[in-house]
Amino acid sequence: MRKALRWLLALTVFIGTLSTAGAATAAQSEPTDIKDRLLSIPGMSLVQEKPYPGYRYFVLNYTQPVDHRHPDRGTFQQRITVLHKDVSRPTVFYTSGYNVSTNPSRREPTQIVDGNQVSLEYRFFTPSRPDPADWSKLDIWQAASDQHRVYEALKPVYSANWLATGGSKGGMTATYYERFYPRDMDGVVAYVAPNDVVNDEDSAYDRFFAKVGTKECRDRLNAVQREALVRREPLEAKYAKFAADGGYTFDTIGGLDKAYEAVVLDYVWGFWQYSLLKDCDSVPANAATATDDEIWNSVDTISGFSAYTDQGLEQYTPYYYQAGTQLGAPTIHFPYIEGKLIRYGYQPPRNFVPRSIPMRFQPGAMRNVDTWVRHHAHHMLFVYGQNDPWGSERFRLGKGARDSYVFTAPGLNHGANVAGLVPEEKALATARILEWAGVASTAVEKDPSAAKPLARYDAKLDARGVEREPALRP
């Protein structure tokens, strides 16, 4: 018996020694440098590393399936960037809903929680586009699944809490991601996210434009827009020269005349989306007596005459495809412009996508997301600008929502953020973001008014300018 016990003890020690040795070997073989840890992830490859004080910044490619339902049917390379601070800090998952910037930047929640930031390029925005491109695989579920796979790949490296964020189409994207993968993120901060539940009912926009700002400013803008249509012939001649000089063409939209009217009809919307009430001083005070150049320059500055050229539309084909298949697009009226001056009105997304790409609208897609948010939102914060047209149709919370909020920044436009909220809401929003990220202090937990961003403002990293997209795009 004593022999048997001695043998058993020896065996236990031997196994323990093997386990310790195995753990030591594993620890020695696991990379410690963050770049090596990222590149050890299957499917991850380095494009470049850029220096920034206090961080490591990487531009990467990640292999994604074209179709997440059938991952064996081809892959593509999707760009991501990682602004690395420390694996022990929370991570903010950001997307603009368009291309990804390859320069270091820090979104507002990243500054608030003093964390890492992972930024993702939206599928089908070049170069993150499958070749050949099967456009039927560009939808909100596939894009959310892209985010889910990136999160699953990076979570073992960044094991602290994660927040999803984005502005405009990026805010929509963060919301759709939460709807389809509600267990991934610890919180969502969605900025100025449109929510077009019923695509054919857009009266909220007409009500917005009837009241936004001041009557004086509205009258100035409306008069310039109308005058640009009154002077269609001479200004279109100027447009033709502009196109010839710049090598612009109009095959997708169907001609210069359609493009001209589209630019002009974007004028008032574009002003309120990107400008503030004080900027009305830059709008011609008397459109009727303004020169052709003054009308042209005002419209070009706000709307951009290159926006509806083939060259201007090409980069944004994925957005217009989604607007015409799932997201919806606004239609507004112009009661101050005689009907005879408007030939086409707000044109549908179909007019901005090459005819070789088939499109079919899915009216239930946004209703599905809206219903889910109303009944299941948890740890979600929506921030809107008072003078932003896109906020006319917004996300709203129902009785099923928990620890979620919708705030409006007074006087702000499409660049509205937490910093622009009234003091009480700013403090509450900041406190909730810190709590969701797992970094709220005891003082903040007891008193939200004590909440402040944990990282100091960096003028280069934290630029708060509006994420401007030319033409009528969120």
In terms of relative ring orientation, are [X] and [Y] parallel, tilted or perpendicular, with 30° and 60° separating the classes?
{"X": "Tyr158", "Y": "Trp162", "answer": "perpendicular"}
{"X": "Tyr308", "Y": "Tyr320", "answer": "tilted"}
{"X": "Trp390", "Y": "Tyr205", "answer": "perpendicular"}

Residue from Tyr176, Tyr181, Trp141 passing ring-ring contact (aromatic ring centres under 6.0 Å, His included) with His148: Tyr181
May I ask you to check if Lys169 and Tyr319 form a cation-pi contact, with NZ or CZ under 6.0 angstrom from the six-membered ring centre and within 45° of the axis? no
Is Arg107 positioned over the aromatic face of Tyr94, cation under 6.0 angstrom from the ring centre and no more than 45 degrees off axis? yes
Is the shortest distance from a Lys or Arg side-chain nitrogen in [X] or [Y] to a carboxylate oxygen in the other one below 4.0 Å?
{"X": "Asp86", "Y": "Arg89", "value": "no"}
{"X": "Arg106", "Y": "Asp458", "value": "no"}
{"X": "Asp33", "Y": "Arg37", "value": "no"}

Where the side chain of [X] meets the backbone of [Y], is there a donor-acceptor pair that is under 3.5 Å apart?
{"X": "Gln225", "Y": "Leu265", "result": "yes"}
{"X": "Arg350", "Y": "Pro354", "result": "yes"}
{"X": "Glu121", "Y": "Val100", "result": "yes"}

Could I get the full list of salt bridge (charged side-chain N to carboxylate O under 4.0 Å, His left out) partners for Glu49, not counting sequence neighbours? Lys35, Arg56
For Asn195 and Asp370, which I'm curious about, is there any donor-acceptor pair between the side chains at under 3.5 Å? yes
What I want to check is whether the side chains of Asp202 and His333 have a donor and an acceptor closer together than 3.5 Å. no
